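Take a look at the structure set out below.
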Amino acid sequence: MTQCLLSAIVDCRDGATDRLLGSLVDEAPLLPAAGDVAVRHGASGVDAHTLLAEYQPLAEMAQGAPTPHRGEVALACAEAQASIAAAVAKALPTVAEEGARRFLVELSLVLPFLATADDRWDPKATEALLRAPLSPAHLPMAEDFALHCGRPLTACGLSRLVEPSTGRPAAQLTYLQSAAARMSAARDPRAAVRCCEAGIRIAAAAGDQNALRAITVQLAAVLADTGNPIEAARHLEGLLAGNAQVTDRSSLVARRLDLLYQAGAYEEALHAAGQERDIAGADKVAPEVLHLLWACQRRLGHAAAAETSAAQLFDRFPRHPLAAGILLGEAVDALKTLDYRTADRLLAQVQTDFPGSKYAAQATEFREHLAVTRAAPAHQP
């Protein structure tokens, strides 16, 4: 087993070195010769992201190798990286085009990233890269690559914003929240999720409840936006369960319930809303909880229960916008059964009682269509 692991690491080292050095020596972007006008951009078939993903399992196996052989593995990896670093350091000054420089920077990071786990990256690892083969000017490229590789703590170190100090967790948390937003804007939700997950671990270890709340909500938003409302709801559930003193609990509860509803988990949402109603008590239950109860009961065909929840919301929050939502829903139900008179009455109530709500515009549109329908001559057989 040990020999198998060592052989796998040697293959990984030799394969990566051959491919990377081959690309750097034979096909890497170089200054154009006299008369040339184009600079070649990168080795065909070589991609640092792919190499990193391909060899990551082997690197993890190597890190778990028996202690007597870890020195051999580390030496082999160091020798391979030294060759890569020397080649990249030699090639970088000859390349002017940004895309080609980025290509070389990314290749130079494959072995260091394989050798050092994200949560073990430290200033010494960054300093080693700055000695060879990178310069401070290349760090933004390296940081961006680390983020897209799902290595947020490495990216944090490469950003040069975080130094070993008592304030390090706070600085890391600030960075990770910003980086998650950047990755979302770059349409890389996987990277954004990794940033948030790292931030949650750090905030929890530091006992920073405010940061934990903020990053968990940020993670839930990323997951919801990428079609994972159930997973988003689970994170909010964990936050609520682990922090009874969260200041905006009611809004987090409402968001969690809404996510469950969006996911079509009506039974679970109904159960969770019922629990929230029981915890709060009949006199303090939030309108969002009552609305969610009504919506789920309606979806599940529990007509009498839905009617009771609606009545409770109207009784306690007669002018709340969610009451308008219930009226509109009941109007839609009446339209489906061709009860036009009831539908028109409910829609008119929405227009009158909630003129500034989003539901008023919908009610107006429905009434206009309803007026046309009711004015049309009856079909003669």
Side-chain angles (χ1 to χ4, degrees), residues 13 16-33 36 38-43 46-52 55 59 74-75 77-165 168 171-172 174-176 178-179 182-183 186 188 191 195:
R13 180 201 66 190
T17 301
D18 289 345
R19 291 167 67 177
L20 295 175
L21 285 177
S23 68
L24 293 170
V25 172
D26 300 330
E27 298 182 18
L30 301 174
L31 287 174
D36 288 347
V39 176
R40 287 181 290 166
H41 288 273
V46 175
D47 174 76
H49 287 272
T50 302
L51 287 172
L52 195 58
Y55 291 124
L75 179 60
C77 290
E79 290 175 349
Q81 175 54 18
S83 300
I84 300 299
V88 171
K90 183 177 180 180
L92 275 171
T94 71
V95 176
E97 197 270 323
E98 183 178 357
R101 295 177 72 81
R102 182 179 295 274
F103 172 78
L104 291 173
V105 168
E106 291 179 356
L107 291 180
S108 74
L109 295 171
V110 172
L111 290 181
F113 284 7
L114 287 174
T116 306
D118 183 49
D119 59 359
R120 294 188 177 183
W121 193 270
D122 58 21
K124 290 183 179 179
T126 301
E127 290 166 8
L129 291 177
L130 289 172
R131 288 194 296 270
L134 306 182
S135 72
H138 299 128
L139 287 180
M141 295 180 183
E143 176 196 355
D144 192 59
F145 179 60
L147 284 173
H148 285 291
C149 288
R151 295 177 60 99
L153 298 179
T154 301
C156 189
L158 293 170
S159 73
R160 304 293 284 173
L161 297 177
V162 179
E163 300 294 340
S165 70
R168 184 176 181 182
Q172 286 179 314
T174 299
Y175 174 85
L176 291 168
S178 174
R182 281 169 53 194
M183 291 298 97
D188 189 346
C195 289

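None of these values were measured; they are calculated from a predicted model. Any value given below was found using the heavy atoms of this structure, including those in side chains, with hydrogens, waters and symmetry copies removed.
- Across all their heavy atoms, Cys195 and Leu147 have their closest contact at SG-CD2, 3.8 Å.
- For residues 114-124, no pair satisfies salt bridge (charged side-chain N to carboxylate O under 4.0 Å, His left out), with sequence neighbours left out.
- A search for salt bridge (charged side-chain N to carboxylate O under 4.0 Å, His left out) contacts involving Glu98 returns Arg102, not counting sequence neighbours.
- Here OG of Ser159 is found 12.5 Å from CG of Asp144. Values are rounded to the nearest 0.5 Å.
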Check residues 132-140 and write down every donor-acceptor pair under 3.5 Å in which the side-chain atom is one partner and the other belongs to a residue at least two apart or another chain.
| from | atom 1 | to | atom 2 | distance (Å) |
| --- | --- | --- | --- | --- |
| Ser135 | OG | Ala137 | N | 3.4 |
| Ser135 | OG | His138 | ND1 | 3.2 |
| His138 | ND1 | Ser135 | N | 3.1 |
| His138 | NE2 | Arg101 | NH2 | 2.8 |

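- Within the model, atoms CG of Leu104 and CG of Leu109 stand 11.0 Å from one another, a figure rounded to the nearest 0.5 Å.
- Between Leu107 and Leu51 the shortest heavy-atom distance is CD2-CD1, 4.3 Å.
- In this structure, CZ in Arg168 is found 7.0 Å from SG in Cys156, a value given to the nearest 0.5 Å.
- For Arg182, the side-chain hydrogen bond (donor to acceptor under 3.5 Å, both in side chains) test picks out Glu143, with sequence neighbours left out.
- Atoms OH and CG, on Tyr175 and Leu153 in that order, are 9.5 Å from each other to the nearest 0.5 Å.
- Checked against side chain to side chain contact (heavy atoms under 4.5 Å, CB included), Ala146 has the following partners two or more places apart in sequence or in another chain: Phe113, Arg151, Thr154, Ala155, Leu158.
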